[in-house]
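Some notes on the structure that comes next.
One-based numbering, in listed order, for ligands and for the atoms of each. Fair warning: this is a prediction, and the values are worked out from it, not measured in the lab. Heads up: numbering here begins at 1 and tracks the sequence. Computation of the quantities below employed the complete heavy-atom set of this structure, encompassing side-chain atoms and omitting hydrogens, waters and symmetry-equivalent molecules.
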Amino acid sequence: ILTILEFPDPRLRTKAEPVRVFDAELKQFVADMFETMYAANGVGLAATQVNVHQRVLVADMSDERNQPLALINAEIIEKDGAQVYQEGCLSFPGIYADVTRALKVKVKANDVDGNEIVVEAEGPLAVCIQHEMDHLAGKVFVDHLSPLKRSLLLKRMEKQRKQAASA
Ligand SMILES: O=C(O)C[C@@H](Cc1ccccc1)[C@H](O)SCc1ccccc1
Ligand SMILES: [Zn+2]
């Protein structure tokens, strides 16, 4: 299980580097990412969140937790439409906010063996992929909010943290 960085950790602002070597070590890292995501009840996780600055993201939106998707060096090659989705983030425990993102995305990526794949996603999976790709670019979901909304949410997160600390 890897440690997930929590905002405002500045390392969350790091831009991830492309993966160039597709070896057993990468496979082990991807397995560790899935283990960490499942343990945290997340539906997605970006390498940036575990302080590894390589373009790796994992996701599993299925209820049975049996549809793992690992995208390496993902790039959005087409996007379409718009949707509002109430997002959470493992790096911002306890806060959720509506974010508008593309409804559909077509993504070119590598699988863990280095083969090129194209994934078309829409709805929640499209939201998740865009959310994780933001992480890999050093962006976090509150960056999409108005300054007022962002400050209200971050104040509430701080309050929850203080309460949890004193509890
Ligand atoms: O922090 C992450 O990137 C994981 C997100 C992925 C996600 C965010 C927004 C929309 C779809 C997926 C979390 O899995 S969101 C759900 C969540 C949040 C906090 C704690 C547990 C689960
Ligand atoms: Zn997140």
Side-chain angles (χ1 to χ4, degrees), residues 1-17 19 29-76 79-107 109 119-146 149-150 152-161 163-165 167:
I1 306 258
L2 304 169
T3 304
I4 296 176
L5 299 178
E6 290 195 358
F7 191 84
D9 192 314
R11 292 171 292 184
L12 285 169
R13 293 300 185 184
T14 312
K15 287 187 183 11
E17 294 293 321
V19 171
F29 174 60
V30 169
D32 293 346
M33 291 262 297
F34 276 115
E35 183 194 32
T36 304
M37 179 189 79
Y38 288 130
N41 295 316
V43 294
L45 188 67
T48 309
Q49 293 179 277
V50 292
N51 199 27
V52 172
H53 303 294
Q54 298 206 358
R55 292 186 61 75
V56 177
L57 73 90
V58 297
D60 185 344
M61 303 297 287
S62 69
D63 295 337
E64 307 75 27
R65 317 298 275 155
N66 60 0
Q67 287 172 28
L69 175 69
L71 297 179
I72 318 278
N73 302 327
E75 288 166 46
I76 293 179
K79 53 167 109 173
D80 189 26
Q83 63 183 314
V84 179
Y85 192 92
Q86 192 186 40
E87 299 194 10
C89 182
L90 295 169
S91 300
F92 292 77
I95 65 167
Y96 298 85
D98 284 350
V99 176
T100 303
R101 295 186 192 268
L103 175 63
K104 297 182 182 177
V105 290
K106 192 170 186 178
V107 179
V119 172
E120 294 194 49
E122 68 178 282
L125 179 59
V127 171
C128 180
I129 289 171
Q130 293 173 82
H131 176 110
E132 304 313 337
M133 288 182 70
D134 266 0
H135 275 302
L136 298 174
K139 274 179 81 90
V140 288
F141 82 116
V142 298
D143 294 344
H144 295 274
L145 306 180
S146 70
K149 184 95 176 96
R150 177 166 50 246
L152 287 172
L153 279 180
L154 294 180
K155 272 194 190 64
R156 189 188 315 159
M157 189 170 77
E158 273 320 298
K159 194 159 136 275
Q160 284 169 352
R161 270 189 183 141
Q163 280 163 349

Under the criterion salt bridge (Lys or Arg N to Asp or Glu O under 4.0 Å), I'd like the reasoning laid out for D143 against R13: C-alpha separation, chi angles, the key distance, then a yes or no. CA-CA 11 Å; D143 294 344; R13 293 300 185 184; 2.6 Å; yes

How far does [atom1] of [X] sit from [atom2] of [Y], to the nearest 0.5 angstrom?
{"X": "I1", "Y": "M37", "atom1": "CD1", "atom2": "CE", "answer": "11.5 Å"}
{"X": "F7", "Y": "E158", "atom1": "CZ", "atom2": "CD", "answer": "9.5 Å"}
{"X": "H144", "Y": "K139", "atom1": "NE2", "atom2": "NZ", "answer": "4.5 Å"}
{"X": "R101", "Y": "M133", "atom1": "CZ", "atom2": "CE", "answer": "11.0 Å"}
{"X": "H131", "Y": "L136", "atom1": "NE2", "atom2": "CG", "answer": "10.0 Å"}
{"X": "T36", "Y": "F29", "atom1": "OG1", "atom2": "CZ", "answer": "8.5 Å"}

For [X] and [Y], indicate whether the former's side chain and the latter's backbone hold a donor-acceptor pair under 3.5 Å.
{"X": "Q130", "Y": "A102", "answer": "yes"}
{"X": "Q67", "Y": "M61", "answer": "no"}
{"X": "E35", "Y": "A31", "answer": "no"}
{"X": "Q49", "Y": "I4", "answer": "no"}

Just jot down the ligand 1 atoms closer than 4.0 angstrom to any heavy atom of [X], in number order.
{"X": "A40", "result": "21 (C)"}
{"X": "Y85", "result": "10 (C)"}
{"X": "V127", "result": "10 (C)"}
{"X": "H135", "result": "1 (O), 3 (O)"}
{"X": "G42", "result": "14 (O), 22 (C)"}

Evaluate [X] for polar contact with ligand 1, using N/O atom pairs at a separation under 3.5 Å.
{"X": "H131", "result": "yes"}
{"X": "Q49", "result": "yes"}
{"X": "E132", "result": "yes"}
{"X": "L90", "result": "yes"}

Short check: is a protein heavy atom less than 4.0 Å from atom 22 (C) of ligand 1?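 Yes, there is one.
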
If we set the cut-off at 4.0 Å for heavy atoms, which region of P93 has an atom near ligand 1: side chain, backbone, both, or neither?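 No part of P93 comes within reach of ligand 1.
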
Heavy atom under 4.0 Å from ligand 1: found in Y96's side chain, backbone, both, or neither?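 Answer for Y96: side chain.
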
Return the closest protein heavy atom for [atom] as residue, atom name and distance.
{"atom": "atom 14 (O) of ligand 1", "result": "V43 N, 2.6 Å"}
{"atom": "atom 18 (C) of ligand 1", "result": "C89 N, 3.8 Å"}
{"atom": "atom 4 (C) of ligand 1", "result": "G44 O, 2.9 Å"}
{"atom": "atom 8 (C) of ligand 1", "result": "G88 O, 3.2 Å"}

Note, V99 side chain near L145 side chain (heavy atom, < 4.5 Å):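 Side chain of V99 against side chain of L145, heavy atoms only: contact under 4.5 Å found.
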
Any atom of ligand 1 sitting under 4.0 Å from a heavy atom of F141?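 False for this residue.
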
Compute the minimum heavy-atom distance from A46 to ligand 1 and say whether it is under 4.0 Å.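 No.
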
At the Zn ion (ligand 2), what angle lies between atom NE2 of H135 and atom NE2 of H131, rounded to 10 degrees?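 Vertex at the Zn ion (ligand 2): approximately 100°.
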
